[in-house]
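Accompanying notes for the structure given below.
None of these values were measured; they are calculated from a predicted model.
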Amino acid sequence: MGYLFRLYLAAIFALSMNTALFAIDANSGSAINPADTEHGGISMGISDSDCDDANHGIEVDWYCNKEAYSCDEASDSSEESSEESSDEEIISEIICENETKEPLHKCLSEEICYHGLPMSGPHRPLWPRYGEYEYCPPQRWIHSLEHGAAVFLYHPCASKQQVDELKAVARSCLRKHIITPSKLVSRQRPYVIVTWGCRLEMRKVESGLARDYLRSCAVRGPTNVLEETGKPSFCFQAPEATPKDGQYSLGLLQPACEVPGSDKDDGNICPDDGIYDKKCDKETLKSSCKIK
């Protein structure tokens with residue numbers, strides 16, 4: 001009787017401390033939080049080998065396959081010649097979803113597919129560490145957008161000089177950034193900055209326009225008008241802005257760090273109108289991939 005009474009008291013104490021109650025998902029075998037309906041009941045940021053531990057089973061999205069981010073000049077050159085005329089007048093464009101998709105968390109046992117370049121939607125429970133990647137799949141960086149990060153994408157066949165300028169904008173504007181090549185980006189506008197629900201596509205990197213976009217749309221994403229274009233840019237509020245770094249790091253080359261003049265919360269986005277092109281003091285990593 002004494003044991004049962006102590007067990008009863010322990011249960012009452014747990015409830016009084018708002019301890020989350022977890023159940024087992026019969027489909028995936030992963031621990032879920034029934035109260036977390038916004039994310040489909042799957043806990044965020046909890047490493048779980050039955051769901052997502054950023055290590056086992058990650059090949060369902062990508063595992064060091066170089067084809068995912070290599071330049072295929074033969075196929076891309078024909079695509080460019082057939083589409084270039086239609087986009088000839090458009091140098092840069094801001095594209096936003098009419099309504100963002102639910103930020104549902106999906107275990108690795110469930111495949112996630114996107115139609116076109118995603119700006120919101122389902123993703124993995126564990127998000128990537130901030131910084132530059134050899135390649136980072138959208139199933140990971142969509143979660144970063146949910147936390148107010150900006151993702152800097154470039155086509156694998158893009159100009160190296162322009163790619164370096166894009167990277168410099170990322171490093172000089174906010175700590176919460178992901179830099180990765182992506183074949184979801186077009187050859188016509190091969191430099192893209194994605195925030196939750198919106199993206200800026202550029203034919204060439206326009207650092208002033210990029211900074212204006214980030215100040216309007218990154219981290220929290222208020223409604224604003226970009227002065228350089230005069231076009232209204234409705235930027236969605238990031239659902240769960242947090243400075244916490246992620247746990248996924250496959251392909252990470254250069255971890256991000258605080259921008260001079262700002263802080264870990266990115267409280268001052270793009271603090272300097274100039275470009276801060278110095279990599280942070282954190283050690284540059286060797287690729288964690290054994291390229292297949």
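Distance check: I178 CD1 to I142 CD1 gives 11.5 Å after rounding to the nearest 0.5 Å. Atom-to-atom distance recorded for T242:OG1 and K176:NZ is 6.5 Å, nearest 0.5 angstrom. With rounding to the nearest 0.5 angstrom, the CD atom of E240 is 11.5 Å from the CD atom of Q237. Rounding to the nearest 0.5 Å places SG of C64 at 7.5 Å from CD1 of I58.
When atom types are taken as modelled, the side chain of D61 and the backbone of R140 share no donor-acceptor pair closer than 3.5 angstrom. The backbone N or O of A149 sits nowhere less than 3.5 Å from a side-chain atom of H147 that would complete a donor-acceptor pair. Of the possible polar contacts, one joining the D48 side chain to the D50 backbone as a donor-acceptor pair under 3.5 Å is found. In terms of modelled atom types and a separation under 3.5 Å, the side chain of S120 and the main chain of T100 share no donor-acceptor contact. Side-chain atoms of Y114 come within 3.5 Å of backbone atoms of P122 as a donor-acceptor pair (strictly under, hydrogens ignored). Proximity of a side-chain donor or acceptor of D52 to a complementary backbone N or O of L126 within less than 3.5 Å is detected. Panel note: side chain K183, backbone Y69; no donor-acceptor pair is recorded below 3.5 Å. Not a single donor-acceptor pair under 3.5 Å links the side chain of D53 to the backbone N or O of S47. No donor-acceptor distance shorter than 3.5 angstrom exists from the side chain of D272 to the backbone of S172, with no hydrogens or angles considered. Looking at R175, its side chain does come within 3.5 Å of a backbone N or O of P243 through a donor-acceptor pair.
Between Y135 and W62, the gap from one ring centroid to the other is short of 6.0 Å.
Both I193 and L174 belong to a single network of hydrophobic side chains, linked directly or stepwise wherever heavy atoms of I, L, V, M, F, W or Y lie under 4.5 Å apart.
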Inset, instruction - Given side-chain contact (heavy atoms from CB on, under 4.5 Å), test C51 with I42 step by step and report yes or no. - result: CA-CA 9 Å; C51 180; I42 298 177; 3.9 Å; yes
Inset, instruction - Take K167 and E165 through the test salt bridge (Lys or Arg N to Asp or Glu O under 4.0 Å) and record every step on the way to the result. - result: CA-CA 5 Å; K167 293 177 181 180; E165 289 188 30; over 6 Å; no
Inset, instruction - Check the pair C96, C198 against disulfide bond (SG atoms under 2.5 Å apart), reporting the backbone distance first and the verdict last. - result: CA-CA 4 Å; C96 292; C198 291; 2.0 Å; yes
Inset, instruction - List the steps and the verdict of side-chain contact (heavy atoms from CB on, under 4.5 Å) for H177 and I179. - result: CA-CA 7 Å; H177 69 258; I179 303 171; 3.7 Å; yes
Legend entry - Verdict with reasoning, N268 to D263, per side-chain contact (heavy atoms from CB on, under 4.5 Å): CA-CA 7 Å; N268 186 13; D263 51 38; over 6 Å; no
Inset, instruction - Give the C-alpha distance, both sets of side-chain angles, the deciding distance and a yes or no for side-chain contact (heavy atoms from CB on, under 4.5 Å) between V192 and V194. - result: CA-CA 6 Å; V192 178; V194 190; 3.8 Å; yes
Inset, instruction - Check the pair E132, R171 against salt bridge (Lys or Arg N to Asp or Glu O under 4.0 Å), reporting the backbone distance first and the verdict last. - result: CA-CA 10 Å; E132 179 184 349; R171 297 188 187 109; 2.8 Å; yes
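Below 30°, between 30° and 60°, or above 60°: for H143 and H123 the angle between ring planes is between 30° and 60°, a tilted geometry.
Taking both residues in full, the closest heavy atoms of E258 and S262 are given as OE1-O, 4.2 Å, listed atom of the first, atom of the second, then distance. Nearest heavy atom pair, residue P271 against residue G261, reads CB-O, 3.9 Å. The two residues D245 and P128 have their closest heavy-atom pair at OD1-O, 4.0 Å.
With sequence neighbours left out, K204 forms a side-chain hydrogen bond (donor to acceptor under 3.5 Å, both in side chains) with no residue at all.
Between Y191 and the options M202, R203, E206, a side chain to side chain contact (heavy atoms under 4.5 Å, CB included) holds for only M202. Among L153, V151, L184, T180, the one residue that satisfies the side chain to side chain contact (heavy atoms under 4.5 Å, CB included) test with P138 is L184. The residue from L253, L252, L250 that alone fulfils the side chain to side chain contact (heavy atoms under 4.5 Å, CB included) condition with Y133 is L252.
No side-chain donor-acceptor contact under 3.5 Å links S92 and E201.
Between C173 and C270, the sulfur-to-sulfur (SG-SG) separation falls under 2.5 Å.
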